[in-house]
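Have a look at the structure below before the remarks.
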Amino acid sequence: MKITHDWRIQPVDWQLWIDKGLAVDGIGGVTLNYQFTQSDLQEEALLLKGKSPEEQEQIRNEQVLARNAKMKALMDEISFRFPCYQYDESDELAYEGQDWDFFFWCRDLTPPLSGRDYSYITLDENGHQAPQRQEQAFADLLMLLEELCGDSPNLHVNVLHHLRYNKERYQAAIERAKRELHGRLSTFRGVKGSLELTAGGDLLFVPRRKRKEPVKIGNFDMVRQLWIIEDGKAGEYLCLD
């Protein structure tokens, strides 16, 4: 079994959010992908040699179904340990509920075959569960995969990482940013202006040129600008681009 870790959906400054104590590195999903090895392909080539096109198609279909059966058996083991939303159509799991651990998805087989194609499976988190429970479910899943498939050369597991934010610290940083940024000179898309906090709690970039409409500043951008100020790197004009 080969395990890879994927941080592609993380913001480019994801490590900074962790260093600042506002988030931790978490797991948002896992993909299970059955891939034929070079040895498998060589064996298939020998089986196909000298066969008619119809016979070759039959052999390839049998290989696909054999692969599918292996991954179906693995998914059955996983679903026995971890309730998976929309895996078993007879389950009466509510999407908004907390009684399932992973959201299951896979593709369909290519005609003339029909049914689910288990060669590529995604298992995503249940966002209605507490973060601690989600992380524990993924940790237990990876342990189970190691136990069942650790010696398998065909199974490729990709772990999709994302940030888990500390809601209390993040909200406190937002409120602090609003206080610090209100009244600051700034530029946005090459236009000079200032930042103003509205009575409703929104932080707006107000251009000097009145014909330009004010722009609402998002929470993430506010916090990033706060760090620039706290780190002593702010100039006369904050750059919001």
Val157 vs Leu32 side-chain heavy atoms within contact, under 4.5 Å | yes
Any Tyr95 side-chain heavy atom under 4.5 Å of His128 side chain | yes
Electrostatic pair Arg164-Glu125, nearest N-O below 4.0 angstrom | yes
Test log, rule side-chain hydrogen bond (donor to acceptor under 3.5 Å, both in side chains), inputs Glu175 and Gln171 | CA-CA 6 Å; Glu175 297 306 316; Gln171 189 59 44; 2.9 Å; yes
Report yes or no: do Leu204 and Met222 belong to one cluster of Ile/Leu/Val/Met/Phe/Trp/Tyr joined by side chain heavy-atom distances under 4.5 Å?
-> no
Could you walk me through whether Ser90 and Asp88 pass the side-chain hydrogen bond (donor to acceptor under 3.5 Å, both in side chains) check?
-> CA-CA 5 Å; Ser90 65; Asp88 188 339; 2.7 Å; yes
Does the side chain of [X] come under 3.5 Å of the side chain of [Y] through a donor N or O and an acceptor N or O?
X: Asp221; Y: Gln225; value: no
X: Gln129; Y: Asp101; value: yes
X: Glu62; Y: Gln58; value: yes
X: Ser119; Y: Asp117; value: yes
X: Tyr87; Y: Asp76; value: yes

Is the number of heavy atoms from other residues, nucleotides or ligands under 6.0 Å of Lys51 NZ greater than 12?
-> yes
